[in-house]
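Lettering follows sequence order; numbering is per chain, from 1.
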Amino acid sequence: MPQELPKAYEPKEVEKAIYLKWGKSGFFNPDKLPGKRSKNFSISLPPPNATGILHIGHAVMLAIQDLLIRFERMRGKKTLWLPGTDHAAIATQNVVEQSLKAEGKTKNDLGREKFLERINEYVASKRNSIREQVVRLGSSCDWSRERFTLDAGLSNAVVTAFKTLYDDGLIYRGDRIVNWCPRCQSTLADDEVEYIEKKTPFFYFKYGPVVIGTARPETKFGDKVIIVHPDDKRYQNIVGKDFEVEWILGKIKARVIADPAADPAMGSGAMTITPGHSFVDFELAKKHNIEIEKIIDERGCLTEAAGEMKGWPVREARKRVVEILRAKGLIEKVDENYIHNLSVCYRCNTPVEPLVSKQWFLAVDQPTKQLNGKTLKTRALEVIDNKEIEFVPERFGKIYLHWMTNLHDWCISRQIWYGHRIPVWHRGKEIVVSGSNPKGEGWSQEIDTLDTWFSSSLWTFSTLGWPITKEIGFDASLVDLVKSGKKTKTFRLRDHDLSAGETCFTHDSKTKKKFGYLHIVRATKIRFDEIELHAVGHEPYKSRAELNTTFQKYYPDIAITSDTPVWLYEFVYQKKSDLELFHPTSVMETAYDIIFFWVARMIMMSTYLVKEIPFKTVYFHGLVRDKKGRKMSKSLGNGIDPLEMADKYGADAVRLSLIIGTSPGNDQKLDEQKIAGYRNYVNKVWNIGRFLAMQTKGKKLNQPKIKSLADKWIISQLQYFSQVITTIGLERYTFSPVGESVYEFTWHFFADWYLEIVKVEGNVALAKHIFGILLKLLHPYMPFVTEHLWSILKYDEGLLMIAPWPDSGKDFLGWKDDKKTREDIEMEFSELMKAVIDFRRQRKEAGTPAGQPCEVKLDAKSPLWQDQAIIEKLARVKLVKA
RNA sequence: GCGCGUAUAGCUCAGUUGGUUAGAGCGCCACAUUGACAUUGUGGAGGUCCCUGGUUCAAGUCCAGGUACGCGCACCA
């Protein structure tokens with residue numbers, strides 16, 4: 001009831017109900033959208049970590065993606081926004097390890113199996129909370145297709161990807177130097193290492209005939225090779241010679257090798273190498289065939305190479321080594337002000353130890369037939385070079401190309417427990433790649449798991465059912481029934497190894513002709529006597545006996561008893577698979593800080609495995625910082641919680657504040673004031689609706705008609721404006737300027753001018769119609785309040801979320817957007833506006849007290865006399881003829 | 001070291017391919033309250049567009065050089 005509409009919009013009351021309404025409609029699911037929808041539009045939601053707290057960065061991502069999805073859905077596309085979560089191996093394992101620590105336990109106390117159970121419980125407990133948080137901001141994603149990187153279908157995709165790459169020789173196992181985090185007890189990829197500047201003493205030691213410098217004396221036990229530059233005159237006489245050198249543990253034999261890697265200008269120009277614990281030295285050692293010795297172990301302690309210091313942690317060992325060398329008089333000098341780039345783990349900030357270890361790698365520089373002789377790297381470079389994939393803003397293309405060009409083989413094995421276990425099985429010297437235990441005795445699986453980004457890199461297609469390899473057949477008599485999509489179950493006596501979320505081909509059993517796909521919704525194992533007679537994908541059976549006969553016909557080799565296991569597959573029939581319909585996805589929207597971790601790897605994997613780019617456009621948003629420009633973090637306590645803000649100001653206001661006033665790829669500063677500002681705007685929109693509701697209450701409205709100058713002005717402005725924001729706005733991802741201009745139009749054109757004139761002229765029907773168009777334009781930005789007003793004002797029975805985007809003549813009442821007419825009207829109307837503004841100023845300058853009429857003069861011949869009523873009302877003056 | 005970004009009102013930021021007098025929001029000042037909205041309305045103040053030079057009839061915008069801040073990559077004996 002309009003008269004009961006509150007003066008101020010109450011988002012908290014409204015938003016929950018609106019989301020339920022949307023959910024109930026089913027329109028988040030592209031299969032259930034009305035209309036023909038021949039074009040598809042899809043976005044994979046970058047999966048939040050399973051650890052479950054949504055921060056303001058997620059809110060930006062959700063606001064922008066929902067804006068795009070809602071816009072395209074209203075424009076009549078078949079839109080899919082596929083949500084999910086990432087198991088985030090290290091991050092999640094860390095959280096659970098922390099909580100164990102609080103109980104005084106470690107993961108080893110529990111053992112692998114129990115520990116994984118514990119993680120799974122934790123992740124399951126967070127699942128709903130993530131979903132609720134995503135929902136809270138109004139995200140219109142298709143929950144029926146929600147995925148998790150560890151669920152069966154995606155795990156199958158991981159195995160298939162691994163096997164394909166392995167069989168093609170692109171995945172190999174090797175002893176190589178890797179980044180090792182002694183706390184996580186795992187390897188890290190190159191880009192999982194961060195660098196922090198730290199002041200460290202830098203030592204110069206006498207080492208036989210030369211002086212060497214190092215910041216890490218404790219790694220130097222096994223240095224037996226001196227490298228000098230081949231052109232360095234100082235050392236030419238010693239190149240190739242052996243020396244006996246007094247060193248940490250006594251005398252050792254060292255030899256001198258010439259290599260251009262030594263920089264004559266640096267220090268003494270001579271260096272020793274530590275191939276087991278330095279990337280550069282490792283390469284040099286391989287080149288000169290130098291023995292690689294392990295000095296530091298996986299716990300960050302010294303090995304037997306350190307003699308009696310075996311087992312010492314690195315920090316203590318360093319002091320001791322320096323003492324020893326000092327006592328021997330081998331210290332030349334110490335630079336106390338040396339700034340060292342300390343490498344640390346991106347998940348736990350522990351200093352990383354480079355060490356040599358047997359790991360699995362993905363070769364990025366190896367040509368493969370799958371890519372017509374290109375390498376993963378060259379193909380990944382090509383798609384950006386050719387603009388097959390567009391980056392917004394463009395500059396990230398350069399950053400990407402630079403990174404990709406310098407990419408080394410990717411270490412994909414991790415020594416943590418949570419994640420996809422490497423699908424490699426050993427039996428003696430035999431190796432099999434498989435997701436499950438191969439047939440026969442004595443197989444053991446690799447203990448390591450895969451880098452969490454391995455599964456993330458498959459996300460755009462693994463979530464859409466890739467790989468489709470499995471197949472189910474139906475008797476010819478059932479093909480039409482399956483196609484009709486009416487029945488959703490089938491029973492099988494043989495395991496087709498299908499799990500929920502997977503898609504398989506389906507064919508006519510007799511002709512083997514494929515006729516579409518089954519998207520498996522549920523897969524369960526039951527007993528034969530649990531088969532329901534009626535709710536089946538086959539024709540209903542009249543009796544158990546008939547059921548038995550039928551099954552015996554199809555499975556003559558199986559002796560059926562009541563206990564015979566039966567696989568029950570519940571499915572949705574799809575003429576085209578999700579993969580065909582929605583891949584490549586339309587837009588990848590993400591923060592720029594995961595361009596390498598995720599975006600680059602998706603491109604490599606998708607171009608190789610699916611032979612398709614994973615997305616056509618990548619839109620990068622910036623990071624949200626506090627009002628001082630600092631990164632928001634728990635430790636600083638400067639974070640703004642998007643959900644708390646949504647409770648306080650409404651989700652619409654939060655969304656607006658994250659979208660408007662920002663530009664792609666640039667960081668934004670946010671403070672609560674800004675959100676409060678957009679709350680005011682939402683309230684303004686609400687009150688426009690409230691006004692119209694009051695004006696139209698109980699009245700039978702006429703068809704909206706364009707009568708006055710103001711009517712013409714508002715309709716022609718809006719028509720032009722809506723075209724502009726659609727084609728050179730939202731299609732080009734300029735969300736901020738578009739949002740601002742709709743804001744401007746709604747508040748300062750429509751409310752401040754047009755509605756004030758409507759109060760004089762009374763064309764409420766047109767005002768309401770125009771507001772309907774505005775609600776559509778505003779909907780992707782502020783979905784809740786607009787949907788609510790759409791229903792209060794009863795524009796039609798349907799939901800605003802699927803109302804057609806205003807670009808047709810019908811919306812503008814057949815008004816022809818003729819540039820000349822538009823400009824004429826604008827000119828004429830601006831005369832009126834100018835007059836009003838001028839008279840207001842005159843009134844102000846005259847200092848006329850409120851409530852008293854102020855007489856102003858207007859030329860008797862002025863055409864403005866025809867708008868006398870409007871001018872007198874809006875400027876609160878009395879016109880007199882001059 | 002290489003590369004990228006940013007610099008416009010007190011604050012946060014817009015400013016398409018160069019084109020009248022450089023815009024918005026917040027904040028500030030003054031006035032206004034029964035008539036949708038004080039989460040409001042009306043009017044106003046506020047700018048050396050980082051610096052230097054160049055191209056041009058015309059530069060916030062294009063070019064060159066520089067300064068400051070931020071970021072990425074590399075180096076790190």
Strictly under 3.5 Å: I want the nitrogen or oxygen pairs between protein and nucleotides 70-77 of chain B, one per line.
{"unit_1": "B:C75", "atom_1": "N3", "unit_2": "A:N341", "atom_2": "ND2", "d": "3.4"}
{"unit_1": "B:C75", "atom_1": "N4", "unit_2": "A:N341", "atom_2": "ND2", "d": "2.3"}
{"unit_1": "B:C76", "atom_1": "O2'", "unit_2": "A:Y338", "atom_2": "OH", "d": "2.0"}
{"unit_1": "B:C76", "atom_1": "O2", "unit_2": "A:N341", "atom_2": "N", "d": "3.4"}
{"unit_1": "B:A77", "atom_1": "O3'", "unit_2": "A:G213", "atom_2": "O", "d": "2.6"}
{"unit_1": "B:A77", "atom_1": "O3'", "unit_2": "A:T214", "atom_2": "N", "d": "3.1"}
{"unit_1": "B:A77", "atom_1": "O2'", "unit_2": "A:G213", "atom_2": "N", "d": "2.7"}
{"unit_1": "B:A77", "atom_1": "O2'", "unit_2": "A:G213", "atom_2": "O", "d": "2.3"}
{"unit_1": "B:A77", "atom_1": "N6", "unit_2": "A:D263", "atom_2": "N", "d": "3.2"}
{"unit_1": "B:A77", "atom_1": "N1", "unit_2": "A:D263", "atom_2": "N", "d": "2.9"}

Problem set entry | Below 4.0 Å: OP1/OP2 of B:G44 and any side-chain N or O of A:R841 | yes
Seminar exercise, completed: Separation of B:A36 atom C1' from A:F771 atom CZ, nearest Å, is 11 Å
Problem set entry | Involving RNA chain B, stems made of at least three consecutive Watson-Crick or G-U pairs, both distances under 3.5 Å | B:1-7 with B:67-73, B:10-13 with B:23-26, B:28-32 with B:40-44, B:50-54 with B:62-66
Identify every side-chain donor-acceptor pair in residues 195-206 of chain A under 3.5 Å, counting partners at least two apart or on other chains, and give the distances.
{"unit_1": "A:K199", "atom_1": "NZ", "unit_2": "A:N337", "atom_2": "OD1", "d": "3.3"}
{"unit_1": "A:T200", "atom_1": "OG1", "unit_2": "A:K198", "atom_2": "O", "d": "3.4"}

Which protein N or O atoms sit under 3.5 Å from an N or O of nucleotides 27-31 of chain B?
{"unit_1": "B:A30", "atom_1": "N3", "unit_2": "A:K844", "atom_2": "NZ", "d": "2.8"}

Exercise. Is it true that atom CZ of A:R732 has more than 12 heavy atoms of other residues, nucleotides or ligands lying nearer than 6.0 Å?
Worked result: no
Would you tabulate the pairs of protein nitrogen or oxygen atoms and nucleotide nitrogen or oxygen atoms of nucleotides 14-25 of chain B closer than 3.5 angstrom?
{"unit_1": "B:A14", "atom_1": "OP1", "unit_2": "A:S663", "atom_2": "OG", "d": "2.5"}

Problem set entry | N or O in side chain of A:K674 less than 4.0 angstrom from B:U12 OP1/OP2 | no
Exercise. Any side-chain N or O of A:K669 under 4.0 Å from OP1/OP2 of B:U12?
Worked result: yes
For this session: Give a yes or no on whether the ring-centroid distance for A:Y754 and A:F749 is below 6.0 angstrom.
Result: no
For this session: Mark yes or no for whether A:S663, through its side chain, and A:N666, through its backbone, hold a donor-acceptor pair below 3.5 Å.
Result: no
For this session: Check whether any side-chain nitrogen or oxygen of A:R395 sits under 4.0 Å from OP1 or OP2 of B:G5, and answer yes or no.
Result: no
Exercise. Within the side chain of A:D667, is there an N or O that forms a donor-acceptor pair under 3.5 Å with the backbone of A:G622?
Worked result: no
Exercise. Taking only residues two or more places apart in sequence or in another chain, which ones pass ring-ring contact (aromatic ring centres under 6.0 Å, His included) with A:Y781?
Worked result: none
